[in-house]
Amino acid sequence: MKDTVIIYVISDAIGETAQHLIRASTAQFTLEGGADIRRHAFVRDAETLIEILGEAKNADAIIVQTLVQKKLAVIASDYCAEHGLPCIDLVSSLTAAIEQKTGQKSKEDPGNMRRLDQHYFDRIAAIEFAVKYDDCKDPRGILEADIVLVGISRTSKTPLSSYLANQNYKVANVPLVPEIPIPNELTQIPRNRIIGLTNSPEKLAAIRKVRLKSIGLDETSSYSSENRILEELDYGYRIFKQIGCRVIEVEDKAIEETAALIIEKVK
């Protein structure tokens, strides 16, 4: 029996609707490794779609699609049927029913649901910001961010960055590794913009073992060992104290719940 599940969300828009439904469904199960939701947004051509489906096949994933364009939806459904992948299409059946009831044809316009107002463009900018400054790829992003998340590996920094970006917050995140000094930029911004994230040793060990297994590495690696995790947690708390940031324990909290706490603390 699997203690984690990989779900690919494939959309020709943002894909957030599918993500909300998936979280509602997976909340009904005890998944020690959690649900690994891999969202692929703005998929607008067959070549990109097939490449993503190939990745999903290799990962033995479930496919959840919200493809408005019928041609792409059919490609995805046919691929999944051919390769035995579970595929949930959240759009096609309802679209077909509306077409039958109204006699109209779908516009097949993925972006038609959203008005292109300033709020929309700010949101897209925030999403791009989160991707650009994920894992401290460029520490200069810390200076521009509305929120900076810091924590050791597997404390939900990236998922939280993505979720908060969808709430129009520019988020950068910084991984804490004992062997790597923290970027100077962390000491140059108001501490109320910085949130430390932590987790229990037991939860971290479980998540890290699943992560190692998913990428084909030895589950007994030092990355998931008790000594290494305790060393990193101790280092993390020392950094939190050094920079004077507030800390949130993410264990057993949904991403939405943690995000709400972050926003409350930052405000």
Side-chain angles (χ1 to χ4, degrees), residues 32-34 36 129-165 167 169-215 217-267:
E32 278 204 22
D36 184 355
F129 186 95
V131 172
K132 183 175 181 180
Y133 297 113
D134 182 45
D135 265 349
C136 205
K137 292 171 186 170
D138 183 348
R140 290 174 297 181
I142 293 170
L143 303 176
E144 302 175 35
D146 300 318
I147 300 170
V148 179
L149 304 178
V150 296
I152 67 172
S153 177
R154 317 319 289 179
T155 49
S156 300
K157 296 185 299 299
T158 296
L160 281 164
S161 295
S162 298
Y163 185 88
L164 288 164
Q167 310 300 312
Y169 290 96
K170 293 191 296 182
V171 185
N173 69 70
V174 179
L176 298 180
V177 182
E179 295 78 14
I180 302 175
I182 62 171
N184 290 330
E185 287 81 358
L186 265 183
T187 64
Q188 298 172 17
I189 61 172
R191 63 185 182 182
N192 67 303
R193 282 160 52 188
I194 308 172
I195 299 292
L197 301 174
T198 189
N199 208 336
S200 71
E202 297 77 16
K203 191 71 172 180
L204 283 168
I207 295 172
R208 290 185 177 193
K209 285 177 182 177
V210 169
R211 175 59 178 161
L212 289 168
K213 185 177 180 180
S214 73
I215 58 178
L217 297 179
D218 185 0
E219 295 176 48
T220 61
S221 160
S222 62
Y223 175 69
S224 61
S225 72
E226 181 182 359
N227 286 341
R228 176 61 182 182
I229 289 171
L230 291 174
E231 178 190 358
E232 290 186 32
L233 284 170
D234 179 65
Y235 174 73
Y237 277 110
R238 282 190 278 120
I239 294 299
F240 298 155
K241 185 176 181 180
Q242 176 186 330
I243 60 181
C245 67
R246 277 76 57 84
V247 180
I248 294 177
E249 166 73 58
V250 302
E251 184 181 17
D252 297 327
K253 289 186 179 71
I255 291 293
E256 296 86 348
E257 183 182 357
T258 306
L261 288 171
I262 291 169
I263 293 169
E264 180 183 336
K265 289 181 181 296
V266 169
K267 285 186 174 180

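Everything quoted here is computed from the prediction, not taken from an experiment.
- Looking only at side-chain heavy atoms (C-beta outward), K203 and V250 stay at 4.5 Å or farther from each other.
- Atom CG of L186 sits about 8.5 Å away from atom CD1 of I239, to the nearest 0.5 Å.
- A distance-only check finds a donor-acceptor pair linking the side chain of D146 to the backbone of K170 [under 3.5 Å].
- No side-chain donor-acceptor contact under 3.5 Å links N227 and S225.
- Taking 4.5 Å as the limit, every side-chain heavy atom of V171 sits out of range of all side-chain heavy atoms of F129.
- Atom CD1 of I147 is separated from atom CD1 of I142 by 14.0 Å, given to the nearest 0.5 angstrom.
- For the residue pair S222 and R228, the shortest heavy atom distance occurs at O-CB, 3.0 Å.
- Across all non-hydrogen atoms, the minimal contact from R246 to N192 is NH2-O, 3.0 Å.
- R211 CZ to S224 OG: the interatomic distance, rounded to the nearest 0.5 Å, is 13.0 Å.
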Scan the side chains in residues 253-267 for donor-acceptor partners under 3.5 Å anywhere in the protein, sequence neighbours excluded, and list what turns up.
unit_1 : atom_1 : unit_2 : atom_2 : d
K253   : NZ     : E249   : O      : 2.6
T258   : OG1    : A254   : O      : 3.3

T198 vs E251, side-chain contact (heavy atoms from CB on, under 4.5 Å): CA-CA, chis, key distance, verdict: CA-CA 8 Å; T198 189; E251 184 181 17; over 6 Å; no

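- Residue E226 places its CD atom among 12 or fewer non-hydrogen atoms of other residues, nucleotides or ligands, all under 6.0 Å distant.
- Ion pair E232/R154 not flagged as a salt bridge, since none of the NZ, NE, NH1 or NH2 atoms sits closer than 4.0 Å to an Asp/Glu carboxylate oxygen.
- Look at E144 and R193 and you find no salt bridge, because none of the NZ, NE, NH1 or NH2 atoms lies under 4.0 Å from a carboxylate O.
- For the residue pair P139 and P183, the shortest heavy atom distance occurs at CB-CB, 3.9 Å.
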Pair L197-L160, side-chain contact (heavy atoms from CB on, under 4.5 Å): steps then yes or no: CA-CA 10 Å; L197 301 174; L160 281 164; 3.7 Å; yes

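- Across every non-hydrogen atom of D138 and R140, the tightest pair is OD2-NH2, 2.7 Å.
- Here L176 contributes atom CG and C136 contributes atom SG; the two are 9.5 Å apart, rounded to the nearest 0.5 Å.
- Atom-to-atom distance recorded for I248:CD1 and T155:OG1 is 11.0 Å, nearest 0.5 angstrom.
- Across all non-hydrogen atoms, the minimal contact from I152 to R208 is CD1-NH2, 3.7 Å.
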I243 vs I182, side-chain contact (heavy atoms from CB on, under 4.5 Å): CA-CA, chis, key distance, verdict: CA-CA 10 Å; I243 60 181; I182 62 171; 4.1 Å; yes

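- Closest heavy-atom contact between V131 and K137: O-NZ, 3.2 Å.
- Using cut-offs of 30° and 60° on the angle between ring planes, the pair Y237 and F240 is perpendicular.
- Interatomic distance, OG1 of T158 versus CG of D135, reported as 5.0 Å (0.5 Å rounding).
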